[in-house]
Amino acid sequence: MGVIEYCNVVVNTGTRATDRLYTYKVPDIFIGKIKIGSKVIIPFGKGNKLLEGFVFELKSDREIKNIKGLKYIKDVLNDDIKLSRAQIKLCNWMRDTYLCSFYDAIQCLIPRGTTLKKKKVYRINPNIIGSLISSDEGFDNENKIIQMLMENKMISHNELIKGIGYNCNKYISRLLNKKIIMVEEKFYSDIKSKYKKVVEVNFDPKKIDKVLSNMSNRAYKQIEILKYIARVKRVELKDVIEKTNTSRAVLNALEKKNLIKVVDEKEYRTPVDIDQIERDKVNKLNWEQEIAYANIMKTIRNHRFEKYLLHGVTGSGKTEVYMQLVNNVIKNNQQAIILVPEISLTPQIVEKFLKRFGENVAVLHSKLSLGERYDQWKKIKNNEISIVIGARSAVFAPCDNLGLIIIDEEHESSYKSEMNPKYHTIDVAEHLCRENNAVLVLGSATPSIESYYKAQKGEYKLLELKNRFNKNPLPRVEIVDMRVELEEGNKAIFSRKLYDSMKNELLSNKQVILFLNRRGYSTFVSCRSCGYVLKCLNCDISLTYHHRKNVAKCHYCGYQREVPRICPECKSKYIKFFGSGTEKVEAYVNKLFPSYRTKRLDIDTTSKKGSLEKIIESFGKREIDILIGTQMVTKGLDFPYVTLVGVLSADITLNLPDYRANERTFQLLTQVAGRAGRHDFEGNVIIQTYSPNNYAVISSKNHDYKDFFNKEIRIRKEFCYPPFYNIVNIIVLGKNERNVIKSANRLFQKIESETGKSKGLNNIQLLGPNPAILGRIKDNYRWQILLKYQSVDHETIKGIINYICNKNKNKYIESNVGLIFDMKPYNIF
DNA sequence: AGCACGCCGACT
DNA sequence: GTCGGCGTGCTC
C-alpha cells in the first residue's frame with residue numbers, strides 16, 4: 001500500500017442529496033495526523049464553502065481512480081470529537097438498515113452541540129491600515145465601526161449590532177464596498193472544554209529539605225507551599241492557595257524558580273453529586289436469580305456474543321442480577337450500558353446503581369446541559385467511566401470496550417425512536433454486541449411479543465424469574481364489568497367495588513394508586529351498554545373518531561365510516577366516542593374522599609424540574625394517600641404501603657388504533673398491578689372495563705404471560721402482523737401539497753410495479769397513499785405509504801425502496817419534497 | 001441546500 | 001441583440 005494521501009469524507013451539507021463519500025487530497029502537513037474518524041474542514045461546491053465533515057476512509061494513491069481535480073482538506077480538528085472505527089461501522093449499518101443519511105447516523109453518535117456553526121467576523125483590510133487615519137470624516141457610524149475594529153482585531157456581526165444597533169448593516173456594506181473592512185466566516189461550537197489549573201511538584205519530594213535550605217528566610221509563603229506540594233505532589237491551583245493561605249503571586253515566583261509546574265487540565269462537569277450518596281452492599285441472590293446470573297456470566301467470561309431475554313415477574317429482583325453482572329464486567333476492565341425506558345421515570349434503579357458503583361457511573365439524561373453531556377461523552381470515550389445508564393440514546397455511548405448491554409423493560413415503546421433515523425434501540429444494541437462480542441440482556445416482566453417469539457425460536461436465550469424476590473405472592477386482581485354497573489344504575493366513573501375497596505384500604509392507613517390512561521388525541525367509538533367497539537374489517541384495528549367530520553377512520557388502510565346512531569350489536573343508543581374527561585377524576589376523588597390527601601402524577605404536574613421526584617418522595621413518606629397517575633405510575637415505583645391499585649378503564653389502551661393494543665394493555669395492567677403489595681402487606685388490584693372477556697385483561701388478572709402470548713401470537717399470524725409480517729411506513733412531505741400528492745402517487749405506482757416484478761415476493765400489501773394522521777406538521781404536508789410484507793422478504797423490499805427512493809429519488813419525487821422512512825413503525829400517526 | 005448553467009420570453 | 005426568469009443538475 002502506498003502513502004495515505006487521500007481520504008473519503010462525509011460532508012455536512014444539510015441535505016440528503018449529498019449523502020455520499022467525497023474524495024479529498026490530504027496536504028503533506030496532515031499526513032499521519034489525519035485518522036479514520038477525524039473531524040475535518042473541507043471546501044465544498046462551486047464557491048468552495050467551508051464545511052464540516054468526518055473522514056470515513058483513508059486511501060493511498062493506488063486506490064484512487066480519478067486523481068485530477070481533487071480538492072485539499074483544509075483542516076483536521078484533532079482536539080474535537082472523533083469517531084472510532086466501530087462507530088463508523090455503526091454509521092454504515094444504520095444507513096443501510098434505516099435508509100437514513102450518513103449525517104443522520106453521525107448525529108446520533110456525537111454529543112449535541114459539537115456540530116460546528118459559522119459566524120461572520122469583520123476585520124480591517126490590512127492593506128490600507130496605514131492610510132486609514134483621518135479619512136472619511138463626517139461618517140460617524142462608519143468611524144465608530146472602524147474604531148471598534150482598531151481596538152479588537154476581529155469582531156462578530158452580533159458584537160457590531162450590540163455596539164452600533166440593528167441598522168449597522170448598511171454601514172458595514174458601505175465599508176465593505178470601499179474595501180476598508182473585510183468579512184470572513186469563522187467556525188465555532190456551542191461547547192468548550194472546561195480547564196482547571198493544577199499545580200505539580202517539580203523536584204524530588206524526598207529532597208524537600210535541600211530545596212528549603214536554598215530558600216530565603218523572607219520567602220516564608222513560598223516555603224509553606226513547597227512543604228505542602230512535596231506532601232500532596234499534585235493539587236488543584238485554587239486549593240493550594242486556599243489551604244496555604246497564599247496567593248497566585250507566590251505560585252508565580254515558584255514557577256519561575258522551576259520548583260513547581262502549573263498545568264491546564266481538562267475539567268469534567270459532573271452532574272451527579274456522588275459524595276451525597278451512601279453506598280450500598282451486594283445482596284445475596286436467590287436460586288432463580290443465581291441461575292440466570294450464572295448463565296449470563298458464563299457467556300461474558302467467554303467473550304461471546306449472545307442475546308438473553310430475562311423474563312421476571314414484577315418484584316423478582318432483576319435489578320440485583322443486572323448489578324452483579326455489571327460488577328463482573330467492569331472487573332474485567334470492560335464497559336457496560338444499562339438502558340431504561342425514561343430516566344426521569346426510573347429514579348429508583350438509577351439510585352441503586354449509583355449506590356453500588358458510585359463515580360464509575362455516567363447518568364445520561366435529557367436535563368444535562370450541552371457541556372455536561374459533552375464531558376460525559378469524553379469521559380466514557382477515554383475509558384474513565386465503565387458504566388453508562390440512560391434512556392434510548394445512551395445506546396450510542398462511545399464505549400470502545402463494551403462487554404454488556406442491558407435493556408430494562410425491553411417492551412417499552414420509548415425504545416423506538418420517532419425522530420430521524422427511526423431506529424429501534426434493541427436493533428442497535430444487538431449490532432453493537434455482535435461487533436464487540438458482548439452480551440445483550442433484555443429484561444421485562446412482560447416481554448414484547450416479538451422478543452418472546454424470538455426467545456421461543458431460540459434466537460434469544462430465555463431465562464425466567466417466576467417468583468417475587470422476597471417470596472411475596474403476586475397481588476389479587478379483580479375485574480369489574482362496567483356494563484353491569486351501568487345496567488344497575490351507576491353511571492359514575494368509579495364502580496361500587498373500587499369505591500368500597502378504596503375506603504377500606506384508606507381506613508387501615510394504606511395507600512392507593514389510581515391509574516388512568518389519557519390519550520387525548522385518539523378516541524374510539526364504543527357502546528357503553530354492550531362494550532361493542534367500531535373496528536376496521538381489514539385490519540382488526542379500532543377506528544379513530546374524528547370530531548370535525550364526525551367519522552371514524554382506520555389509521556392503517558384509510559377506511560372510514562359514519563358513526564352509527566345506535567349500536568349495531570345491541571341496538572342501544574349508548575354508542576358514542578369514548579370521552580376521557582380524565583381531568584375530572586381528581587376533582588371527583590376529592591369529593592368522594594375529602595379527608596384524604598390526593599395528588600395527580602402526569603405531564604401537567606411534573607413538567608417542572610424535580611417535581612416528579614418530589615411527588616414520588618412524598619408518596620414514599622406517606623404524605624399522600626391517593627396517587628392518581630397516567631403511564632408514569634406504572635414504572636418502577638416500589639412502596640411498601642401501597643395495597644390497592646385501581647385501573648379506572650382498561651378500555652382506553654385496549655382500543656388504541658394499533659395492532660399492539662392488546663399487548664400494550666396486558667403490559668400496562670401487569671406493570672401497574674405489580675405496584676401493589678410488594679412488601680409486607682398483600683396487594684389488591686381492581687380493573688374496570690367494558691370488555692371483561694378480553695383475553696389481555698383476563699391473562700393479566702391471572703398473571704399468565706404465556707397464556708396471553710399464545711393467544712396474541714395466533715392473532716398476529718392471522719391478521720398478518722409482526723413478527724410474521726413487517727410494516728414499512730414511507731412518509732412523503734413538503735410545503736407544496738400538490739407536489740407532495742403527485743410524488744406520493746408516483747412513488748406508490750413505482751413501488752407497486754417493482755414489487756410486482758420481483759420474483760418470489762408473495763402477499764405484499766400496499767396501503768395508500770393516504771394523508772398522514774397528523775397531516776401537517778411545521779407547515780409540511782405529509783402523506784404516507786404503508787407496505788406490509790412477510791418478514792422473510794425484508795431485505796428484498798428494503799433494496800427496492802432504497803433503489804427507488806434514494807438512488808433514483810429525483811425521477812419520482814418532485815424537488816423540495818422529502819421522504820422519511822420508518823422501517824418498523826410503532827405509531828402510524 | 002446553494003450555485004451555475006442553459007433555454008426561453010420581454011424589452012431597450 | 002441582451003437581460004433575467006427559473007427549471008435542472010452537480011457538488012470530490
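In what follows, chains are A, B, ... by sequence order, proteins preceding strands, each numbered from 1.
Summarising the geometry, the separation between CZ on Arg20(A) and P on dC12(C) is reported as 9 Å, rounded to the nearest angstrom. Here dA1(B) presents its C1' atom at 12 Å from NZ of Lys809(A), a figure rounded to the nearest Å. Atom-to-atom, CG of Asn816(A) to P of dC6(C) comes out at 14 Å; the value is rounded to the nearest Å. Computed from coordinates, the Ile42(A) CD1 to dT11(C) C1' distance equals 11 Å when rounded to whole Å. Rounded to whole angstrom, the span from the CG atom of Leu70(A) across to the C1' atom of dT11(C) amounts to 13 Å. Distance Lys118(A) NZ to dA1(B) P: 16 Å, rounded to the nearest Å. Atom NZ in Lys71(A) sits about 4 Å away from atom P in dC12(C), given to the nearest Å. Distance Glu814(A) CD to dG9(C) C1': 15 Å, rounded to the nearest Å.
Ring-plane geometry between Tyr22(A) and Phe44(A) is classed as perpendicular, the angle between the planes exceeding 60 degrees on a 0 to 90 degree scale with a lower cut at 30. Using cut-offs of 30° and 60° for the angle between ring planes, the Tyr415(A) and His424(A) rings count as tilted.
Contacts with DNA chain B (heavy atom under 4.0 Å) in residues 99-111 of chain A: none are found. Against DNA chain B, the stretch residues 11-19 of chain A makes heavy-atom approaches under 4.0 Å through Thr15(A), Ala17(A).
There is a side-chain donor-acceptor pair under 3.5 Å between Asn808(A) and Lys811(A). One side chain, Lys381(A) or Gln87(A), offers a donor N or O that lies under 3.5 Å from an acceptor on the other. In summary, the side chains of Gln107(A) and Thr115(A) do present a donor paired with an acceptor at a separation below 3.5 Å, with no hydrogens or angles considered. Defined by atom type and a distance below 3.5 Å, a donor-acceptor pair is present between the side-chain atoms of Lys71(A) and Asn48(A). In this structure, a donor-acceptor pair under 3.5 Å is present between the side chains of Asp104(A) and Ser101(A).
Aromatic pair Tyr423(A)/Phe396(A): ring centres closer than 6.0 Å.
If you check every strand for non-hydrogen atoms under 4.0 Å, Tyr24(A) touches sugar and phosphate atoms only.
Remark: Thr23(A) pairs with Tyr6(A), Asn8(A), Ile64(A), Leu70(A) by the side chain to side chain contact (heavy atoms under 4.5 Å, CB included) rule, at least two apart or across chains.
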